[in-house]
Visitor: 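Mind looking over this structure? Questions follow.
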Protein chains: 2
Amino acid sequence: MRPSRRDELVRKAFHVFYRHGFHATGMDTLVRETGISKTTMYNYFSTKDELILAVLRLRDEEFRNRFTRRMQQLANTPAGQMLALFDVLDEWFHEEGFCGCLFIKAGAEFQDHSDPIHVQAAEHKRVLQEQFTAMAREAGARDPRDLASKLMVLKEGAIVLAVLGNKDEAIRNAKGAAQLLIETATGQQVEAA
Amino acid sequence: MRPSRRDELVRKAFHVFYRHGFHATGMDTLVRETGISKTTMYNYFSTKDELILAVLRLRDEEFRNRFTRRMQQLANTPAGQMLALFDVLDEWFHEEGFCGCLFIKAGAEFQDHSDPIHVQAAEHKRVLQEQFTAMAREAGARDPRDLASKLMVLKEGAIVLAVLGNKDEAIRNAKGAAQLLIETATGQQVEAA
DNA sequence: GAAAAAGATTACCGATCAGTACATTTACAA
DNA sequence: TTGTAAATGTACTGATCGGTAATCTTTTTC
């Protein structure tokens, strides 16, 4: 049981689900796009939902790792790193193939709150918010959870409007609002990169 | 050609699409849920996509009417009315059957930017932002479009986190951030209702 | 080099997909 | 009362849905 083949499936399935949606993508489409036979898929995952869950888990880990690492690269101070979230978002928005947040899509397509896929999507947001809360605490915010939650609101809003509106306007306004919030919450000036 | 029957179809189709998604809802499901025969449906709309477009148009009009009217009811000053957006959102979040924004879902399920359904969803956000811009101008904001866009970001973010996280936390933080933004942009104090 | 594990191939299952054909019923207007 | 159009029920199309079974080929492992 090589893990590489399974990872390859999950990674390619992510791209198809991300671009075309979960319900709109059939297993036969995945066979065609990935070149992996259906038998092999169902050896690794007994249902389509389990494959989707595996895709969400992989994306969750990679997405959070990438964002936190890049935020730390772009600024020195904790407060600056929080603001840099919106520069990382900016980079992401302008990548080729960007079409929104996989977890927002998952939450939208699997609305039932008891559905494991919905739960997994919600979990991603919860963990991310906890990471932001830790950063806000480091930055000396009066109410770290409060600041982190407000930045989360700005982040999700920016993503939605990047898809349905103007990327640059969305990120500019989200970042502007974030700067005001961070400065108000920490009492320190933060320079926009 | 009575318009009431067609409206009834669109209205009931909205509820099913809203709750279960577009791709996940088949035309046979709509027949079962609405009690309207498939033949009648295809008399009014020649494709499923056209029905979806009609649903979006109806929802767009009713949603914007309701929100602007309720915002005006809840506050007297223009600035207060803008902040009241988040009280109206709060009411909406706690309605039975709330499960997010139909236009965010439409934009997520129909990702192609040239798809008429995606265009229609984006148009809803654009018109709403124009309405907010007019209100921000009335409220004396230095840069009305800037304030309106920032409030849009907060609104969309609150909706996403109301679905995938905690409704009360989302609305509390969005409103708190909005108050700071409105006061900064207009230079006047705004009381939270 | 042989056993065994993994993958591919192909064909298939019943159910559902969007959409259509057609004959029947309802409702309203002349 | 009759003519007409809207609305209906039923049955159907070919395609696709998620998932399975059996057979064959490749790769790994001892």
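Quick note on labels: first sequence line is chain A, next is B, and so on, each numbered from 1.
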Visitor: Counting distance only, does the side-chain N/O of His124(A) pair as donor-acceptor with the main-chain N or O of Gln120(A) below 3.5 Å?
Guide: no

Visitor: Should Glu169(B) and Arg145(A) count as an ion pair when the cut-off is N to O under 4.0 Å?
Guide: yes

Visitor: Please list residues of residues 20-34 of chain B whose heavy atoms come under 4.0 Å from any atom in DNA chain C, ordered by number; otherwise none.
Guide: Thr25(B), Gly26(B), Met27(B), Asp28(B)

Visitor: With each end axis built from five pairs of C1' atoms, what bend angle do you get for the helix from dG1(C)-dC30(D) to dA30(C)-dT1(D)? Round to 10°.
Guide: 10°

Visitor: Using 4.0 Å as the upper bound for N to carboxylate O, is an ion pair formed by Lys12(A) and Glu33(A)?
Guide: no

Visitor: For the pair made of CG in Asp49(A) and C1' in dG19(D), what is the distance, rounded to whole Å?
Guide: 13 Å

Visitor: Using the six-membered ring wherever Trp is involved, compare the ring planes of Phe93(B) and Phe98(B) and label them parallel, tilted or perpendicular (cut-offs 30° and 60°).
Guide: tilted

Visitor: In whole angstrom, give the distance that lies between atom CD1 of Ile52(A) and atom C1' of dG18(D).
Guide: 11 Å

Visitor: Going by number, which of residues 110-119 of chain A have a non-hydrogen atom under 4.0 Å from DNA chain C?
Guide: none

Visitor: Checking side chain to side chain donor-acceptor pair (under 3.5 Å) for the pair Thr47(B)/Asp49(B): CA distance, chi angles, key distance, verdict?
Guide: CA-CA 5 Å; Thr47(B) 63; Asp49(B) 281 11; 5.6 Å; no

Visitor: Regarding Arg11(B) and Glu62(B), does a basic nitrogen lie under 4.0 Å from an acidic carboxylate oxygen?
Guide: yes

Visitor: Report yes or no: does Gln188(B) contribute a side-chain atom to a donor-acceptor pair with the main-chain N or O of Ala139(B) at less than 3.5 Å?
Guide: yes

Visitor: For residues 36-43 of chain B, which residues have at least one heavy atom under 4.0 Å from DNA chain C?
Guide: Lys38(B), Thr39(B), Tyr42(B)

Visitor: Are the ring centres of Trp92(A) and Phe63(A) closer than 6.0 Å?
Guide: yes

Visitor: Would you check if the side chain of Gln179(A) reaches a backbone N or O of Val190(A) as a donor-acceptor pair within less than 3.5 Å?
Guide: yes

Visitor: Phosphate oxygens OP1/OP2 of dG7(C): is one of them under 4.0 Å from a side-chain N or O of Tyr44(A)?
Guide: yes

Visitor: I'd like to know if the side chain of Gln111(A) reaches the main chain of His20(B), judged simply by a donor and an acceptor atom lying under 3.5 Å from each other, with no hydrogens or angles considered.
Guide: no

Visitor: Any Lys/Arg nitrogen of Glu130(A) or Arg126(A) sitting under 4.0 Å from an Asp/Glu carboxylate oxygen of the other?
Guide: yes

Visitor: Nearest whole angstrom, please: distance from the P of dA6(D) to the CZ of Arg6(B).
Guide: 13 Å

Visitor: What N/O pairs connect the protein and nucleotides 13-15 of chain D at under 3.5 Å? Give each pair on its own line.
Guide:
none

Visitor: With a 4.0 Å cut-off, would you call Asp28(A) and Lys38(A) a salt bridge?
Guide: yes

Visitor: With sequence neighbours excluded, what pairs up with Phe22(A) under the ring-ring contact (aromatic ring centres under 6.0 Å, His included) test?
Guide: Phe17(A), Phe110(A)

Visitor: I'd like to know if the side chain of Thr25(B) and the backbone of Gly21(B) have a donor-acceptor N/O pair within less than 3.5 Å.
Guide: yes

Visitor: Apply the salt bridge (charged side-chain N to carboxylate O under 4.0 Å, His left out) test between Asp87(A) and each candidate in Arg70(A), Arg172(A), Lys175(A); give the one that qualifies.
Guide: Lys175(A)

